[in-house]
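Report on one structure; see the data block that follows.
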Amino acid sequence: MSLFATFEGWMQTVQVHVEDALDHFLPPALPESEQSQPLSRLHAAMRYTVLGGGKRVRPLLVFAAGMVTGAELSVLARAAAAAEMIHAYSLVHDDMPCMDDDALRRGKPTVHVAYDEATALLVGDALQTQAFQTLAGEDGVPPARLLAMLRVLAEASGAAGMCGGQAIDLASVGLPLTLQQLERMHQLKTGALLKASVMLGALAGRELTEAEAAALASYANAIGLAFQVVDDVLDATADSATLGKTAGKDAAANKPTYVSILGLDGSRELAQTLQGQAHAALAPFGEQGRRLRELADLIVQRKA
Ligand code: GRG
């Protein structure tokens with residue numbers, strides 16, 4: 001996959017690789033014979049959840065970071081599929097009535113609506129373990145490196161990352177959070193998995209120096225926050241058809257957001273500042289950091 005293709009061409013190539021990898025690593029579609037019916041329904045619901053939708057931002061970050069360290073495409077495909085499975089599981093659970101209670105995701109009925117609540121719960125559980133099974137099956141990196149990759153994904157997904165952030169989010173409805181508290185929540189809820197995607201891609205290739213690892217972490221922190229700031233702006237300004245999910249939910253649920261604290265202009269300014277920080281952090285990587293730089297731009301300029 002050439003570094004010198006256009007960004008759009010590179011993105012399309014990555015997205016095809018990722019779609020193939022997800023199709024391959026998800027449990028297969030089963031015939032609906034009587035004996036296999038419950039399993040066939042679970043497999044179908046997992047495939048409904050993951051395949052053919054979403055912007056694939058986390059897989060793109062995995063592949064872009066892999067270009068910095070010259071990682072093999074097959075290793076990146078597994079890591080990207082694993083990160084996307086964790087993300088997809090979090091969306092399924094987040095949409096359930098006991099959490100954010102939403103009926104629309106990626107332009108389709110959410111899993112508990114298309115199937116039922118118990119299936120949605122199981123889809124999330126099974127996708128989470130499938131992610132680790134997928135990554136653990138990699139034999140193209142040294143075992144110690146693979147262990148480090150598994151740890152990065154586990155830490156980002158669990159109580160110290162996404163689940164912890166979700167707990168803070170659920171407890172924050174109607175509360176006047178400070179900017180610092182809001183930032184902490186998002187660092188965990190969405191930032192941790194975005195950062196893990198960058199680190200997974202980088203770990204898939206050559207050894208990083210400490211300074212390089214710190215530079216990548218700083219890039220990842222900036223784009224993780226920028227992603228959320230832009231999400232809040234879009235939630236307040238775009239329509240549901242464009243977003244493929246219910247727009248205006250945060251205000252309706254009385255949730256603190258960047259827009260509620262900084263206003264629209266202040267939020268847009270912050271997103272641009274974070275974009276600048278992300279670019280600056282990539283300086284040591286020169287041309288190898290090009291795809292990461294372009295992804296930072298995409299995250300800040302996206303319209304959905
Ligand atoms: C349920 C454990 C658990 C965690 C849920 C990530 C998350 C935590 C909830 C998602 C809620 C939400 C809509 C957050 C805003 C930012 C975000 C993660 C948006 C969805 O990610 P995108 O825009 O979605 O990358 P696609 O569909 O493009 O993959």
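Indexing begins at 1, ligand by ligand and atom by atom, following the structure's order. Quick caveat: nothing in here was measured; it's all calculated off a predicted structure.
Among protein heavy atoms, atom 24 (O) of ligand 1 sits closest to H87 NE2, 3.5 Å. Counting protein heavy atoms only, atom 18 (C) of ligand 1 is closest to T190 CG2, 3.2 Å. Closest to atom 25 (O) of ligand 1 among all protein heavy atoms lies R58 NH1, 2.8 Å. Considering only non-hydrogen protein atoms, atom 3 (C) of ligand 1 sits nearest to Q166 CG, 3.9 Å. The protein heavy atom nearest to atom 12 (C) of ligand 1 is K189 NZ, 4.1 Å. Atom 7 (C) of ligand 1 has S90 OG, 3.9 Å as its closest protein atom, hydrogens excluded (heavy atom only). When only non-hydrogen protein atoms are considered, atom 22 (P) of ligand 1 lies nearest to K55 NZ, 3.4 Å. Of the protein's non-hydrogen atoms, the one nearest atom 15 (C) of ligand 1 is D231 OD2, 3.3 Å.
Using a 4.0 Å cut-off to heavy atoms of Q228, the atoms of ligand 1 that qualify are 15 (C), 16 (C). The distance from ligand 1 to the heavy atoms of C163 drops below 4.0 Å at these ligand atoms: 2 (C). Distances below 4.0 Å separate heavy atoms of G54 from the following atoms of ligand 1: 26 (P), 27 (O), 28 (O), 29 (O). Atoms of ligand 1 found under 4.0 Å from any heavy atom of Y89 (numbered from 1 in listed order, with element): 2 (C). Within ligand 1, counting atoms from 1 as listed, the ones closer than 4.0 Å to a heavy atom of R106 are 26 (P), 27 (O), 29 (O).
Checked by atom type and distance alone, the side chain of R291 never pairs as donor or acceptor with a backbone atom of A65 at under 3.5 Å.
M11 has its side chain out of reach of V14: every pair of non-hydrogen atoms, C-beta onward, lies at least 4.5 Å apart. A 4.5 Å side-chain heavy-atom check between I86 and F132 finds at least one atom pair inside the cut-off.
When non-hydrogen atoms are compared, ligand 1 lies under 4.0 Å from the backbone of D94 as well as from its side chain.
In this structure H186 satisfies the ring pair (Phe, Tyr, Trp, His ring centres under 6.0 Å) test together with Y258, sequence neighbours excluded. Here R105 pairs with D94, D95 under the salt bridge (charged side-chain N to carboxylate O under 4.0 Å, His left out) rule; sequence neighbours left out.
A donor-acceptor contact closer than 3.5 angstrom links the side chains of T119 and D116.
The local environment of CZ in R106 is crowded, with over 12 non-hydrogen atoms from other residues, nucleotides or ligands closer than 6.0 Å.
Of the charged side-chain nitrogens involved, none lies within less than 4.0 Å of a carboxylate oxygen, so that R58 and E84 do not count as a salt-bridged pair. Taking a cutoff of 4.0 Å between a charged side-chain nitrogen and a carboxylate oxygen, E212 and R206 qualify as a salt bridge.
When all heavy atoms of V229 and S267 are compared, the pair lying nearest together is CG1-O, 3.2 Å.
For the pair H93 and ligand 1, the shortest N or O to N or O distance does not fall below 3.5 Å.
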